[in-house]
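This report refers to the structure that appears directly beneath it.
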Amino acid sequence: MGIAELLRDVDGSGAFGVWLGRLDGVPVFEHLAERTHYSASTMKLPVAMAMMRKVEAGELALDQPVTVHNDFASAAGGRFGVDPHEDEAPATWTKLGEQVPLGWLATEMITRSSNLATDLVLEQVGIGAAHAVLAEYGPGDSAIRRGIDDGPGVRAGISNLMSPAGLAGVLIAVGNQQGASGNYLRDLLAGNQWNGEIPALLPAGTRVEHKNGWDTRIRHDGGIVRPPDAEPFVLVVCTTSDLADADAQKLIANIALEAWNHRRDLGGVR
C-alpha cells in the first residue's frame with residue numbers, strides 16, 4: 001500500500017501529517033505537513049539542540065552538575081511539578097535531591113523520553129533558546145512555549161506545537177551538522193529505546209536517529225533512516241486521532257516501511 005492509500009484508510013478518524021524527503025531538505029511526499037499538532041515529546045529534540053549550542057558557546061557543560069528536583073517555574077506564572085505517574089522513565093526519579101551531570105539528563109531526555117529530565121535540561125537551557133532553534137529550522141507555527149506537565153500553562157492555553165515540516169527541519173539540521181555536537185545529537189537519537197513506530201518494521205540493525213512523542217490521542221515519530229544500500233532519508237509522521245494507540249503506531253510503522261521499500265528511488269513514493 002502506498003502512503004496516500006494508508007492515509008485514506010484512516011481518513012475521518014483524526015488529523016494526520018507526513019513529511020518525507022532526503023537530507024537536502026527537498027520533500028518527495030507531503031501530506032498536511034505544515035499543520036501543527038500538540039508536540040508531546042518531539043519538542044525534546046530542539047531542547048537538546050539548544051543545549052548543545054550553549055555547550056559550544058561555553059555557557060553550559062555536559063559534565064556540569066545539576067540538582068534533580070521537581071519544582072519548576074510555569075510559563076503562566078507560579079510553579080508546577082512533573083507527574084511521576086505519567087513519566088515512563090524512572091531513572092531520573094531515583095536521583096531526587098542528588099546532583100547528576102547535565103549530559104546524563106540529556107541522555108535520559110532523548111533515549112528514555114524522561115519528562116523530569118526534560119524540564120531539568122530546559123531549566124538550564126531556557127524556553128526561549130529552545131523555541132529559537134525550532135523557529136530557525138522548523139517552518140510555520142511550530143513552537144516551544146512551556147515545559148512538560150506545566151499545568152498552569154496548559155490551563156492558560158499555552159501549548160507546545162509541532163508540524164511534520166517543523167520536526168523535519170530540525171532533523172535535517174541535525175543530520176547535516178558537522179563536528180562533535182552533530183555526532184553527539186545523532187548518537188542520542190540513535191539510542192532511542194522507544195522503537196514502536198518508524199523502526200518497528202525496518203530490518204533489524206537499521207540505524208534510525210529518531211525522536212517520538214505520545215499523549216492522549218497523540219502519536220508522533222520523526223527520524224533520519226540510514227539504509228546501508230541507499231542515501232539517508234527523513235520521515236516524520238504526526239497523528240492526532242481516535243485510533244487506538246497501537247493502531248497509530250502501526251500506521252507510522254507501515255508508512256516507514258513504504259518509504260524503506262522505495263529507498264533507492266524515494267521519488268517513487270505515492
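Sequential numbering from 1 along the given sequence is applied to the chain's residues. Just so it is clear, the model here is predicted, and its values are computed rather than measured.
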Handout entry: Heavy-atom donor-acceptor pair, R270 side chain to G267 backbone, under 3.5 Å
Key = yes

Practice task
Please confirm whether the backbone N or O of Q177 pairs with a side-chain atom of R186, one donor and one acceptor, at under 3.5 Å?
Solution key: yes

Practice task
Indicate yes or no for a side-chain donor-acceptor contact from Q124 to the backbone of V121 under 3.5 Å, with no hydrogens or angles considered.
Solution key: no

Practice task
Answer with yes or no whether the hydrophobic clustering places V237 together with L32; edges join I, L, V, M, F, W, Y residues whose side-chain heavy atoms lie under 4.5 Å apart.
Solution key: no

Handout entry: Worked verdict on L188 versus L45 for side-chain contact (heavy atoms from CB on, under 4.5 Å)
Key = CA-CA 10 Å; L188 277 184; L45 175 54; over 6 Å; no

Exercise for the section: Using modelled atom types only, decide if a donor and an acceptor are shared between the side chain of N160 and the backbone of S39 within a distance under 3.5 Å. Expected result: no

Practice task
Would you kindly confirm whether L161 and Y137 end up in one hydrophobic cluster when ILVMFWY residues are joined by side chain heavy atoms under 4.5 Å apart?
Solution key: no

Problem - Minimal non-hydrogen separation, E209 against L171, with atom names - result: O-CD2, 4.1 Å

Handout entry: Beyond-backbone contact of S142 with L134, side-chain heavy atoms, under 4.5 angstrom
Key = yes

Problem - Test item: side-chain donor near acceptor, S74 and D150, under 3.5 Å - result: yes

Practice task
Report the relative orientation of the aromatic rings in H37 and H220; use parallel for angles under 30°, tilted for 30 to 60°, perpendicular for over 60°.
Solution key: perpendicular

Practice task
For D63 and L102, indicate whether the former's side chain and the latter's backbone hold a donor-acceptor pair under 3.5 Å.
Solution key: no

Handout entry: Exceeds 12 heavy-atom contacts within 6.0 angstrom, atom CD of Q178
Key = no

Practice task
Examine distances only and state if a side-chain atom of N70 and a backbone atom of V82 form a donor-acceptor pair shorter than 3.5 Å.
Solution key: yes

Exercise for the section: Specify the closest pair of heavy atoms between F29 and A4, including all atoms of both residues, with the distance to one decimal. Expected result: CZ-N, 4.0 Å

Practice task
Please check if I255 and V10 belong to a single hydrophobic cluster, counting links between Ile, Leu, Val, Met, Phe, Trp and Tyr side chain heavy atoms closer than 4.5 Å.
Solution key: yes

Practice task
First locate atom CG of L105, then atom CE of M51, and finally report the distance between them rounded to the nearest 0.5 Å.
Solution key: 9.5 Å

Handout entry: F233 side chain near I224 side chain, heavy-atom distance below 4.5 Å
Key = no

Handout entry: E123 and H69: side chain donor to acceptor below 3.5 Å
Key = yes

Exercise for the section: Could you verify whether a donor N or O on one side chain and an acceptor N or O on the other, from S41 and S113, lie under 3.5 Å apart? Expected result: yes

Handout entry: Gap between atom OG1 of T118 and atom CD1 of I148 - 0.5 Å precision
Key = 5.5 Å

Problem - Criterion side-chain contact (heavy atoms from CB on, under 4.5 Å) on M109 and T92, from CA distance to verdict - result: CA-CA 9 Å; M109 173 177 70; T92 311; over 6 Å; no

Handout entry: Heavy-atom side-chain contact between I252 and N254 under 4.5 Å
Key = no

Practice task
Starting from the C-alpha separation in whole Å, work towards a yes-or-no answer on salt bridge (Lys or Arg N to Asp or Glu O under 4.0 Å) for R112 and D87.
Solution key: CA-CA 10 Å; R112 294 297 302 172; D87 194 343; over 6 Å; no

Problem - Check: F16 and C238 side chains under 4.5 Å, non-hydrogen atoms - result: no

Practice task
Would you please test L257 and N261 for side-chain contact (heavy atoms from CB on, under 4.5 Å) and show each step?
Solution key: CA-CA 6 Å; L257 180 60; N261 289 338; 3.9 Å; yes

Handout entry: Check: I144 main-chain N/O paired with H131 side-chain donor or acceptor under 3.5 Å
Key = yes

Problem - From CD (E34) to CD (E30), nearest 0.5 Å - result: 6.5 Å

Handout entry: Heavy atoms from other residues, nucleotides or ligands near CG of D141 exceed 12 (cutoff 6.0 Å)
Key = no

Practice task
Report yes if the side chains of D242 and R217 come closer than 4.5 Å at any heavy-atom pair, otherwise no.
Solution key: yes

Problem - In one Ile/Leu/Val/Met/Phe/Trp/Tyr side-chain cluster, 4.5 Å: I158, M162 - result: no

Handout entry: Test item: W19 and H31 side chains (from C-beta on) under 4.5 Å apart, heavy atoms
Key = no

Practice task
May I ask you to check whether N212 and K44 show a side-chain donor-acceptor distance below 3.5 Å?
Solution key: no

Handout entry: Under-4.0 Å salt bridge between D229 and R263
Key = yes

Completion exercise
d(I110 CD1, T107 OG1) to nearest 0.5 Å is 9.0 Å

Problem - Basic-acidic side-chain contact under 4.0 Å: R146, D119 - result: no

Exercise for the section: Could you tell me which non-hydrogen atom of Y184 sits nearest to which non-hydrogen atom of G103, and how far apart they are? Expected result: OH-O, 3.8 Å

Exercise for the section: Please test H210 against N195 for side-chain contact (heavy atoms from CB on, under 4.5 Å), starting from the C-alpha separation and ending with a verdict. Expected result: CA-CA 9 Å; H210 72 117; N195 293 306; 2.7 Å; yes

Practice task
State, without any angle test, whether D245 and W214 hold a side-chain donor-acceptor pair at a distance under 3.5 Å.
Solution key: no

Problem - Closest approach of V225 to L202 (non-hydrogen atoms, all atoms of both residues) - result: CG1-CD1, 3.9 Å

Problem - Backbone of L243 reached by a side-chain donor or acceptor of D247 within 3.5 Å - result: no

Handout entry: Flag side-chain contact, heavy atom, 4.5 Å: P232 against R22
Key = no

Problem - D71 backbone acceptor or donor facing R79 side chain under 3.5 Å - result: yes

Problem - Minimum heavy-atom distance A130-P46, with the two atoms named - result: O-CB, 3.9 Å

Practice task
Taking all heavy atoms of A259 and all of L266, pick out the closest pair and write down the distance.
Solution key: O-CD1, 3.8 Å

Fill in the blank from the handout: To the nearest 0.5 Å, atom CD of Q193 lies from atom CD of E88 at 12.5 Å

Practice task
Go through the side-chain N and O atoms of E56 and S181 and say whether any donor and acceptor fall under 3.5 Å apart.
Solution key: yes

Exercise for the section: Evaluate the side-chain proximity of L62 to M52: yes if any heavy-atom separation is below 4.5 Å, no if none is. Expected result: yes

Handout entry: Distance in Å, D11 CG paired with E5 CD, rounded so as to fall on 0.5 Å steps
Key = 13.0 Å

Exercise for the section: Using salt bridge (Lys or Arg N to Asp or Glu O under 4.0 Å) as the criterion, point out the one residue from R219, K211, K250 that pairs with E197. Expected result: R219

Problem - Connected via hydrophobic side-chain network under 4.5 Å: L122 and W93 - result: yes

